[in-house]
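In listed order, ligands and their atoms are each counted from 1.
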Amino acid sequence: MNDTREDAKEQKGAMELDLEASVAKSLFLGNIIEENLFPFPKIEAEETETLKMVLDSIDKFLEDHREDFIAFDEQGAQPEAYIEKLKELGLFGLIVPEEFDGLGFSNKSYARVLQQTGRYDGSTSLTIGAHSSIGMRGLLLFGNEEQKARYLPKLATGELVAAFCLTEAGSGSDAGSIKTTAERQEDGTWRLSGEKIWITNGPFADFFTVFARTAGEEGKLSAFIVEREWEGISTGPKEDKMGIRASGTCTVSFENVAVPAENLLGEEGKGFKVAMSILNSGRSGLGGGCVGGMKECIRLATAQASQRKQFGRPISEFQLIKEKITRMTVQCYAAESLMLLVAHYSDSGCRDYSVEAAISKIFGTEALWSVAHDALQIAGGNGFMKEYPYERIVRDSRINMIFEGTNEILRLYIALTGFKGAGEYLKEIGKSGANIFNDPIKGFGVLSGYASKKFTQLTSLGRDRLEGVHPLLEEDAALVEQYVIEFSRAVESVLRRYGKEIIGKQYISQRIADTTIDLFASLAVLSRTTDLIEKKGEEGTETERNIAHLFIQGAKRRMNQNLRRIEINEDTLQTSVADAIFAHGKYPWDIIER
Ligand SMILES: Cc1cc2nc3c(=O)[nH]c(=O)nc-3n(C[C@H](O)[C@H](O)[C@H](O)COP(=O)(O)OP(=O)(O)OC[C@H]3O[C@@H](n4cnc5c(N)ncnc54)[C@H](O)[C@@H]3O)c2cc1C
């Protein structure tokens, strides 16, 4: 009865990735899909060699431009010669397959490259990232052979730069409401009309992935490849932005543009799916950039805190500085672990990882925001001065929580997608005669009951084990297992209470999403730390194990709070105060009457 995680692991044998399964969605059912978590992914040796060469050339080139990034930021532009050099370095062909003259990198390597550029400059990462992550990704995912052969070689060299055109003045988060139209003509061509706003790379892009409504204003969305050269295309002035100022952002207008029939991307009417698939699949690029930004902040902050003396000692000796450095490190470690797992799902052809991708986007972007804030605080007044990089990093990192799906919309997506799966499962059980919806006492606990059973059947400790986890992480793993059960119990209770009305319950959905994020991030951290222990041994991994423990303890505190507040909360008061303030249209109190 003294079975260990090691024994259980041996009994189960090697684990293979389940391409149909979603780890995050399964958590709603109280299930941990271990085969999609262990072993932690790695970049193939062959690819590593090329990757190292690319990283070296990036370091060599960007290190010399550190001062220039301040000027690019002030001017709000990257000089043409600078962009040309990025092209020469191969940075526009990172994910283009080798047969089309690109480097053919996996998403893991692609993210690692953007991590490197992200260490130097957010705008540089964005210019490259908007091209590969969203601008031309639709062509890779949905393009036919003829389209790929026509465009990919030129996109690989940067002869063509790509942009993604979805947002309009009246359509941001609600992407399904776009007004741009494409009308099919008798000769099979399309007439494209409409205006897209805030298009990254818009000022100089030559290749646009454009989303438009086909078959009139009520029609479904379709995606098109549009070339700048064609008549009727114009771009507006460059936007003057808070951050990532050197990257190019502008309006792109289409006035009766004739689009050849062969430039429809994917199937007619399936444009929404094309757009969402692009955004999902492209998330590791943004994640890589965020991790790079965090690593740079940690490098800057440790140097600053070691050099700066106050009260006769380097400030690095004070606990409130150490607390920040640790927090920054733990967040970066978790974000990197998440980002690599998601890139791996994309590389392996997993078909259902959109919830995990949303989690890594939210986590990575908020972690960078917090890390940049801490780094600036450690730098004190210097952090506020333009001659230091901190304020620029803070400005640059703010946009990440807004574009490629706002973090609010993605949180709702995580919760509602998870609820949908769990709801369907419960309905299936209901159909099989269990009468779970009509008999609240007998029927309750289907999800958590299943999870509890699973977690109690194997061991004398009263728990199944995450077999892939290293025994040194036993305590942390047990905590995660326990919270998966509690989470599925909460999911079931919410579903029974609200049914379909859960769609309107955003406070609750947010708590469920945040718990999903904490659980999946904890699992990613356990997987990565296990891998490091296996490689480096117990002796060499004390810091990694401490980081894992700190992350999971923090997750526990947040999950406790979120799960408890599903039942006991001030949601009604919260709504009431907001409604009162909306009615006033301002903060209505003052200590004097005017
Ligand atoms: C610098 C920059 C670059 C960009 N690059 C591109 C690009 O290359 N291509 C492109 O197509 N677009 C691009 N965008 C657009 C970007 O994707 C959108 O700004 C984003 O999707 C949000 O849309 P919105 O700004 O209209 O905000 P809105 O949708 O109006 O949202 C405003 C606020 O309301 C919240 N909100 C909205 N709906 C709900 C809801 N149902 N429940 C709760 N909260 C809600 C949002 O989370 C947000 O906080 C870019 C934007 C910027 C600023």
Q: With a 4.0 Å cut-off on N to O distance, would you call Lys85 and Glu88 a salt bridge?
A: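 Yes, Lys85 and Glu88 are salt-bridged.
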
Q: How about atom 32 (C) of ligand 1: does it have a protein heavy atom within less than 4.0 Å?
A: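 Answer no: nothing from the protein, no heavy atom, is under 4.0 Å.
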
Q: Is Lys386 salt-bridged to Glu74, going by a charged N under 4.0 Å from an acidic O?
A: no

Q: State the atoms of ligand 1, each with its element, that fall below the 4.0 Å cut-off from a heavy-atom position in Lys241.
A: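 Numbered from 1, ligand 1 contributes 1 (C).
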
Q: Does Phe520 reach the side chain of Glu356, with side-chain heavy atoms less than 4.5 Å apart?
A: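 Phe520 vs Glu356: side chains touch.
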
Q: What about Thr167: any of its N or O atoms under 3.5 Å from an N or O on ligand 1?
A: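 Yes: some nitrogen or oxygen of Thr167 is under 3.5 Å from one in ligand 1.
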
Q: Counting each atom of ligand 1 from 1 as listed, which ones have a heavy atom of Thr406 under 4.0 Å away?
A: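 Reading through ligand 1 atom by atom, the close ones are 22 (C), 46 (C), 47 (O).
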
Q: Starting from atom 29 (O) of ligand 1, which protein heavy atom do you reach first, and at what distance in Å?
A: Ser173 OG, 2.6 Å

Q: Would you mind reporting whether Thr575 and Asp579 have side-chain heavy atoms less than 4.5 Å apart?
A: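 A side-chain contact under 4.5 Å exists here.
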
Q: Checking side chain to side chain contact (heavy atoms under 4.5 Å, CB included) for the pair Asp68/Tyr82: CA distance, chi angles, key distance, verdict?
A: CA-CA 10 Å; Asp68 297 333; Tyr82 176 75; over 6 Å; no

Q: Consider every N or O of Thr200 and every N or O of ligand 1, then say whether any pair is closer than 3.5 Å.
A: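 Among all N and O atoms of Thr200, at least one is under 3.5 Å from an N or O of ligand 1.
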
Q: Counting heavy atoms only, which of Phe403, Phe211, Trp198 comes nearest to atom 19 (O) of ligand 1?
A: Trp198

Q: Could you tell me whether Lys196 approaches ligand 1 through its side chain, its backbone, both or neither, with non-hydrogen atoms closer than 4.0 Å?
A: neither

Q: Of the protein's non-hydrogen atoms, which lies at the shortest distance from atom 53 (C) of ligand 1, and what is that distance?
A: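 The closest heavy atom on the protein side is Ile399 CD1, 3.3 Å.
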
Q: Looking at Lys154 and Asp206, does any basic side-chain N land under 4.0 Å from a carboxylate oxygen?
A: no

Q: Report the nearest protein non-hydrogen atom to atom 20 (C) of ligand 1: residue, atom name, distance rounded to 0.1 Å.
A: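 Ranked first by proximity to atom 20 (C) of ligand 1 is Ile402 O, 3.6 Å.
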
Q: Considering only protein heavy atoms, which is closest to atom 9 (N) of ligand 1, and at what distance to one decimal place?
A: Phe164 O, 2.8 Å

Q: Mark up the atoms of ligand 1 that fall under 4.0 Å of a heavy atom belonging to Leu412, in ascending order.
A: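 Contacts of ligand 1 toward Leu412, numbered from 1: 42 (N).
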
Q: Evaluate the side-chain proximity of Val259 to Val210: yes if any heavy-atom separation is below 4.5 Å, no if none is.
A: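 Of all side-chain heavy-atom pairs linking Val259 with Val210, none is under 4.5 Å.
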
Q: Below 4.0 angstrom, N of the basic side chain to O of the carboxylate: do Arg66 and Glu296 qualify?
A: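 Looking at Arg66 and Glu296, the cut-off is met.
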
Q: Any idea which protein heavy atom is nearest atom 44 (N) of ligand 1, and the distance to it?
A: Glu408 CB, 4.2 Å

Q: So does Glu366 pair up with Arg411, basic N to acidic O under 4.0 Å?
A: yes

Q: Among protein heavy atoms, which lies nearest atom 23 (O) of ligand 1, and at what distance?
A: Gly172 CA, 3.4 Å

Q: Is any side-chain heavy atom of Lys505 closer than 4.5 Å to a side-chain heavy atom of Ile502?
A: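 They are in side-chain contact.
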
Q: Run the ring-centre check on Tyr151 versus Phe100 and record whether the distance is less than 6.0 Å.
A: no

Q: Do me a favour and list the nearest non-hydrogen protein atom to atom 42 (N) of ligand 1 with residue, atom name and distance?
A: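 The protein heavy atom lying closest is Gln506 NE2, 3.0 Å.
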
Q: Of the protein's non-hydrogen atoms, which lies at the shortest distance from atom 45 (C) of ligand 1, and what is that distance?
A: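 Its nearest protein heavy-atom neighbour is Ile409 CD1, 4.1 Å.
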
Q: Does the protein come close to atom 12 (N) of ligand 1 - that is, does one of its heavy atoms sit below 4.0 Å from that atom?
A: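 Given the 4.0 Å cut-off, atom 12 (N) of ligand 1 counts as touching protein heavy atoms.
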
